[in-house]
Asks: 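Sharing a structure here in structure tokens format.
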Amino acid sequence: MTTSVHGPSEEAAGSSPPAGPPRSRRALVAGSVGNFIEWYEFGVYGCFATVMAATFFTPEGGSEAEALVRTYASFALAFFFRPVGAALFGRLGDRVGRRPTLILVVLLMTAATTLIGLLPSYAAIGAAAPWLLTLLRIVQGLSAGGEFGGAVSLMTEFAPPGRRGLYGAWQSFTVALGLLGGAGVAAVLATVLSEAQLGAWGWRVPFLLTLPMGLGALWLRLRLEESPSFRRRPGAAGDRAEPEARAPAGAVRADARETARAIALGVGRLMGWSAAGYTFLVVLPSYLQSVLDASFRQALTATALANAGFAAAILPAGALSDRVGRRAVMVSGAVVAALAAFPLLHLLRDPAAPTAAKGLAVCAAGAVVGLLAGPGPAMLAEMFPTRVRYTGLGLAYALSNAVFSGCAGLVVTAAVERTGNTDVPAYYVAATCAVSALALTGLRGDDHRRALSD
């Protein structure tokens, strides 16, 4: 049984006409661009981690290893502020609207990322440098937490009938585009600049490029209308605080408990996506190098192939879920990921296995994650009514990623070192995907055909 509350089927819903194609496409682009900027910055920060460590976290006599640890701690800190941002901006977005909240979110993200590119180094201002960087990373984490829930709400609420899965999939697709964009800019700079130039000023360029991108995103969002679902929600024509003020306290508490249960269920449905995605797409390079003695080039090639498979599968998976349902596609993805985790690692460890077979295997692993990421945003949007959709789906996504993505590297690395068992990543993926598959079976088979609940 699913906890979502749906309206009538989309074919039967006639209270208001569906958003026309131009408005839908505008919402799709405006919703996607903020996510692209967020993950572009994520990719850039990861690529320049060692440079950032030397610039901001290396005092006189400090070791490079200590500086790198502090850099990654700042990296992780933004991840754990995402649930706070999801709650803060989600509440705002469910009260005053998706459009104004998303405008605020993209302003904060753009300002924080641009300021990182302008920050003085440790050598210039001393211990204030790492503290200022950490503060800006916190602002980025808060705004990133507010981005997903609002963008997915906007895109799915504007989606034409029968295309909600495809529209929501663009949110996941821009994750891949953002990571590739960040890595691409870093690679170009590393090619055209010397190592000294890169360390002195070149690393700042990708962060400063966020300013024109953010201004473009702001322009798109300023031209947006408010979503049709938000405009027709109960109490939209009057005082927004009035419905809650008049509701009995017991009803308010019951509604809060129902929303909390739906968020917990959403985390369960997403944990496989979060864990498998982070393990196959992010943790894989360091695992290949530290455990399987692969070269840096081989690890990067494997990562590129996994991300290519991931990107290629997202939009088709979202579109397929509009035809056969979210449950069929996502349960299949979770089950395949759980079953394929051990064979994948065993193939990668086999010195006799052809290189082409290994490349195909990591590409296929990325594609399996795409089966979860494609329909995932629409599935979440369908779990929550309009009055709490921004908050609910944003918190479910942020909590799942903070726990099962943000902790994946530490969990996997520590467990491999403690036990000596190189199958730990497979156990991690298989266990989380098994739980997700079980949680996903509670989806109704016709959720994709039903109108979003107001």
Asks: Where do R349 and T422 come nearest, in terms of heavy atoms and distance?
Replies: NH1-OG1, 3.1 Å
Asks: Working to the nearest 0.5 angstrom, can you tell me the gap between L133 CG and Q140 CD?
Replies: 8.5 Å
Asks: Do the side chain of Y390 and the main chain of G146 share a donor and acceptor less than 3.5 angstrom apart?
Replies: yes
Asks: With the threshold set at 4.0 Å, does a side-chain nitrogen-carboxylate oxygen contact exist between R82 and E38?
Replies: yes
Asks: Given side chains that start at C-beta, do those of F310 and C363 come closer than 4.5 Å, heavy atoms only?
Replies: no
Asks: Any non-hydrogen side-chain atom of M379 less than 4.5 Å from a side-chain atom of R327?
Replies: no
Asks: What distance do R163 atom CZ and L28 atom CG have between them, rounded to the nearest 0.5 Å?
Replies: 9.0 Å
Asks: For the CG atom of L345 and the CG atom of L347, what is their distance to the nearest 0.5 Å?
Replies: 9.5 Å
Asks: Side chains of S321 and R326: is there a donor and an acceptor less than 3.5 Å apart?
Replies: yes
Asks: Check whether D322 reaches the backbone of L166 with its side chain - one donor and one acceptor, N or O, closer than 3.5 Å.
Replies: yes
Asks: Verify, without hydrogens or angle tests, whether T113 (side chain) and T110 (backbone) share a donor-acceptor contact under 3.5 angstrom.
Replies: no
Asks: Any non-hydrogen side-chain atom of R269 less than 4.5 Å from a side-chain atom of S436?
Replies: no
Asks: Can you see whether W219 has R221 sitting over its ring - NZ or CZ less than 6.0 Å from the centre and within 45° of the normal?
Replies: no
Asks: Are any side-chain N or O atoms of R99 and backbone N or O atoms of L222, one a donor and one an acceptor, separated by less than 3.5 Å?
Replies: yes
Asks: Mind listing the closest non-hydrogen atom pair of A169 and G318 along with its distance?
Replies: CB-CA, 4.0 Å
Asks: Check the pair F207 / T114 against side-chain contact (heavy atoms from CB on, under 4.5 Å), numbers first and verdict last.
Replies: CA-CA 5 Å; F207 291 98; T114 303; over 6 Å; no
Asks: Starting at CG of L224, measure out to CD1 of I103 and round the result to the nearest 0.5 Å.
Replies: 7.5 Å
Asks: Does R323 reach the main-chain N or O of G162 with its side chain, forming a donor-acceptor pair under 3.5 Å?
Replies: no
Asks: With distance as the sole criterion, is a donor-acceptor pair present between the side chains of S400 and S274 under 3.5 Å?
Replies: yes
Asks: Minimum heavy-atom separation for A27 and F158, please, with both atom names.
Replies: CB-CD1, 3.4 Å
Asks: Can you name the nearest heavy-atom pair linking L102 to A151, along with the distance?
Replies: CD2-N, 3.7 Å
Asks: Both conditions, 6.0 Å and 45 degrees, for the charged tip of R26 above the ring of W170: are they met here?
Replies: no
Asks: Any donor and acceptor pair, going by atom type alone, linking the side chain of Y167 with main-chain N or O of A378 inside 3.5 Å?
Replies: no
Asks: Could you walk me through whether W273 and Y397 pass side-chain contact (heavy atoms from CB on, under 4.5 Å), step by step?
Replies: CA-CA 10 Å; W273 168 14; Y397 180 81; 4.0 Å; yes
Asks: Take L136 and L119 through the side-chain contact (heavy atoms from CB on, under 4.5 Å) test and state the conclusion after the steps.
Replies: CA-CA 10 Å; L136 291 174; L119 271 185; 3.9 Å; yes
Asks: List the atom pairs, donor and acceptor, that lie under 3.5 Å between side-chain atoms in residues 331-342 and the rest of the protein, sequence neighbours left out.
Replies:
{"residue": "S332", "atom": "OG", "partner": "A328", "partner atom": "O", "Å": "2.7"}

Asks: Side chain to side chain contact (heavy atoms under 4.5 Å, CB included) with A111: which residues, sequence neighbours excluded?
Replies: none
Asks: With a 4.5 Å limit on heavy-atom distance, are the side chains of D423 and H346 in contact?
Replies: yes
Asks: Measuring from D94:CG to R387:CZ, what's the distance to the nearest 0.5 Å?
Replies: 10.0 Å
Asks: Is any side-chain heavy atom of R98 less than 4.5 Å from a side-chain heavy atom of T386?
Replies: yes
Asks: Would a distance-only check, ignoring hydrogens and angles, find a side-chain to backbone donor-acceptor pair under 3.5 Å from T391 to V388?
Replies: no
Asks: Looking at R164, R444, R450, which one forms a side chain to side chain donor-acceptor pair (under 3.5 Å) with E382?
Replies: R164
Asks: With a 4.5 Å heavy-atom cut-off, do F148 and L380 have their side chains touching?
Replies: yes
Asks: If we only count heavy atoms from C-beta on, is the F404 to L270 side-chain gap below 4.5 Å?
Replies: no
Asks: Over all heavy atoms of both residues, which pair between P206 and V44 is shortest? Give the atoms and the distance, please.
Replies: CB-CG1, 3.7 Å
Asks: Would you check if V362 and F280 make a side-chain contact, meaning some heavy-atom pair closer than 4.5 Å?
Replies: no
Asks: How long is the straight-line distance from CD1 of I314 back to OG1 of T174, given to the nearest 0.5 Å?
Replies: 8.5 Å
Asks: Check step by step if side-chain contact (heavy atoms from CB on, under 4.5 Å) holds for L104 and L92.
Replies: CA-CA 10 Å; L104 176 60; L92 186 65; 4.1 Å; yes
Asks: For the residue pair E157 and S229, confirm or rule out a side-chain donor-acceptor distance under 3.5 Å.
Replies: no
Asks: Taking all non-hydrogen atoms of both residues, which atom of A317 and which atom of G374 are closest, and how far apart?
Replies: CB-CA, 4.3 Å
